[in-house]
There are 2 protein chains.
Amino acid sequence: MKISGGVEWSLHCCVVLSQAEGPVPTARLADLHGVSKSYLAKHLQSLARAGLVHPTEGRDGGYVLTRAPGDITVLDVVQAVDGAGPAFRCTEIRQQGLLAAPPEQCTAPCGIAKVMADAERAWRNTLSGVTIADLAATLDVSVLKATLEASG
Amino acid sequence: MKISGGVEWSLHCCVVLSQAEGPVPTARLADLHGVSKSYLAKHLQSLARAGLVHPTEGRDGGYVLTRAPGDITVLDVVQAVDGAGPAFRCTEIRQQGLLAAPPEQCTAPCGIAKVMADAERAWRNTLSGVTIADLAATLDVSVLKATLEASG
DNA sequence: CTTGACTCGGACAACACTTGTCGGAGTAAA
DNA sequence: TTTACTCCGACAAGTGTTGTCCGAGTCAAG
C-alpha cells in the first residue's frame with residue numbers, strides 16, 4: 001500500500017492558495033516549497049481536472065481555489081491526485097479453481113472484499129473530516145502571508 | 001493508493017489452511033484457487049517470513065498456520081504481504097523552500113502528516129478487527145473440507 | 001493595434017516497483 | 001540408498017509512477 005508523493009505537495013499548495021489573494025503561478029508554488037516546478041505542474045493539472053482549482057492563463061495568471069477552504073476536504077485532494085478507485089479490487093477467485101463456488105452463492109460480496117471495503121470507508125471518512133481550512137489553522141498563517149507578499 | 005494483488009490470494013489461502021488437517025503444499029493451494037503456482041509461492045514465502053505460516057519440506061510437506069485462526073487478523077496478512085510501512089511518508093517540505101519553517105516549530109508533526117496517520121490508523125483498526133476464523137465463518141466450510149479431502 | 005512575455009497543457013523519456021517464471025538446494029519418506 | 005517431492009532464492013517482463021521538456025494560447029503593456 002502506497003500513496004503517490006504528489007499528494008503531499010498538492011495539499012501544501014492548497015493551503016498556500018487558501019491564504020493567497022490572487023492567482024499563484026506554478027513557478028512560485030514550486031519555489032515556496034523547494035520542489036521541481038515541472039513535476040508539480042502535473043499534479044496541479046490533476047487538481048484542475050477535478051475542479052478543485054481554476055487556472056488563469058497569460059501574464060499574472062496562476063491557480064485559484066474554486067471553493068472556500070472550508071468546503072475542500074483532504075479526501076478531495078487525495079482522490080484528485082491519487083485516483084478515486086478502490087485500493088483493493090476483488091478478482092472473484094472464489095469462482096475459480098477446484099473449489100469454485102456456484103454463481104448463485106456469489107450474490108453478496110465475499111467476506112474478504114467486505115472487510116477491505118469497510119477499512120477503506122473508514123480511511124476515507126477520516127480524510128473527509130478535515131478541510132484545507134483546518135490545515136491552515138494549525139500553522140502560523142501570518143508568516144505565510146508575509147512570504148507570499150515578499151515573493152510577489 | 002493501491003494494494004498488492006497477492007493480498008487477496010494470501011487471505012484465501014489462510015482460510016483454506018484454517019480448515020485443513022495437515023500441511024498443504026503450494027501446488028494444491030494454487031489449483032484450488034486457479035492461480036499461478038510460481039507466483040503464489042512468492043507470497044507464501046512472505047507469510048512464512050512474517051511467522052504466520054510454518055513450512056514443512058520434503059514429501060507430504062506444505063504450509064501450516066502457526067497460530068489459531070482466531071488469533072490471526074486480516075491486518076497481519078496484509079502487512080506480511082504488502083509491507084508494514086506507512087502509505088504516506090511526510091518529506092518535511094515545510095522545512096524547505098522560501099517559506100521554510102524554523103526547526104523549533106517542527107517538533108510536532110505537521111497537520112497533513114497527522115491526518116494521514118489518523119486515517120491509516122482507522123484503516124488498520126478495521127482490518128485488525130476481523131480474523132481468519134471470522135472469514136471462514138462467512139462461507140460454507142463443509143464444501144471446502146470435502147474438496148480438500150477429494151484433492152488430497 | 002503590435003509586441004512581448006508569461007501562463008497552462010499535453011506529449012516525451014527514465015526510473016522503480018510489481019508481477020510473473022525458472023531451476024537449484026534441501027528434506028522426508030520409501 | 002534411492003527417489004520424488006518440498007520450499008527457497010535468483011532471474012526477466014510488464015506496468016505504473018516519477019521527472020522533464022517544449023509548444024499553443026492568453027493577458028498585459030507599450
Side-chain angles (χ1 to χ4, degrees), chain A residues 1-10 13 17 20 22-31 33-66 78 80-85 87-89 91 93 151-152, chain B residues 1-10 13 17 20 22-31 33-64 66 78 80-83 85 87-89 91 93 151-152:
Chain A
M1 172 161 165
K2 183 161 161 279
I3 287 183
S4 165
V7 169
E8 185 180 9
W9 297 9
S10 300
C13 287
L17 289 179
V24 183
T26 305
R28 190 175 305 169
L29 286 172
D31 289 340
H33 297 104
V35 300
S36 160
K37 166 198 162 188
S38 309
Y39 191 28
L40 179 61
K42 171 167 297 195
H43 297 304
L44 292 175
Q45 286 176 27
S46 298
L47 294 182
R49 260 189 290 261
L52 297 178
V53 299
H54 180 71
T56 309
E57 293 196 350
R59 187 189 167 98
D60 296 346
Y63 286 102
V64 184
L65 292 182
T66 55
V78 171
V81 176
D82 207 47
F88 181 86
R89 264 170 290 274
T91 57
I93 69 179
S151 69
Chain B
M1 172 160 166
K2 183 159 159 281
I3 287 185
S4 165
V7 169
E8 186 181 9
W9 297 8
S10 301
C13 286
L17 290 179
V24 183
T26 305
R28 191 175 306 169
L29 287 172
D31 289 340
H33 297 103
V35 299
S36 160
K37 166 197 163 188
S38 310
Y39 191 28
L40 178 61
K42 171 166 297 193
H43 297 304
L44 292 176
Q45 287 176 27
S46 297
L47 295 181
R49 261 188 291 261
L52 297 179
V53 298
H54 180 70
T56 308
E57 293 197 350
R59 186 190 167 98
D60 294 346
Y63 286 102
V64 184
T66 56
V78 171
V81 176
D82 208 48
F88 181 85
R89 262 170 290 273
T91 56
I93 69 179
S151 70

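Numbered from 1 within each chain, the chains take letters A, B, ... in sequence-line order. Owing to the predicted nature of the structure, the values given are computational and were not obtained by experimental measurement.
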Chemist: For K37(A) versus A30(A), what's the shortest heavy-atom pair and its separation?
Modeler: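 That closest heavy-atom pairing would be CA-CB, 3.6 Å.
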Chemist: Checking L47(B) against S10(B) for the side-chain contact (heavy atoms from CB on, under 4.5 Å) test, could you report, in this order, the C-alpha distance in whole Å, the side-chain angles of both residues, the deciding distance, and whether it holds?
Modeler: CA-CA 8 Å; L47(B) 295 181; S10(B) 301; 4.1 Å; yes
Chemist: Using every non-hydrogen atom in the two residues, find where H43(A) and V81(A) come nearest and quote the distance to one decimal.
Modeler: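 Where H43(A) meets V81(A) most closely, the heavy atoms are ND1-CG1, 3.8 Å.
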Chemist: Working to the nearest 0.5 Å, report the span between CZ of R89(B) and NZ of K2(A).
Modeler: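 Those atoms lie 7.0 Å apart.
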Chemist: Pick base, sugar-phosphate or nothing for R49(A), based on heavy-atom distances below 4.0 Å to the nucleic acid.
Modeler: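 Sugar-phosphate contact only.
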Chemist: Under the criterion side-chain contact (heavy atoms from CB on, under 4.5 Å), I'd like the reasoning laid out for C13(A) against L40(A): C-alpha separation, chi angles, the key distance, then a yes or no.
Modeler: CA-CA 10 Å; C13(A) 287; L40(A) 179 61; 3.9 Å; yes
Chemist: Roughly, in whole Å, what's the span from NE2 in H54(A) to C1' in dG9(C)?
Modeler: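 Nearest whole value for this atom pair: 14 Å.
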Chemist: Mark up nucleotides 19-30 of chain C, 5' to 3', with B wherever a protein heavy atom is under 4.0 angstrom from a base atom, S wherever such an atom reaches only the sugar-phosphate, and - elsewhere.
Modeler: BBB----BBS--
Chemist: Starting at CD of Q45(B) and ending at P of dT18(C), how long is that distance when rounded to a whole Å?
Modeler: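 That distance rounds to 16 Å.
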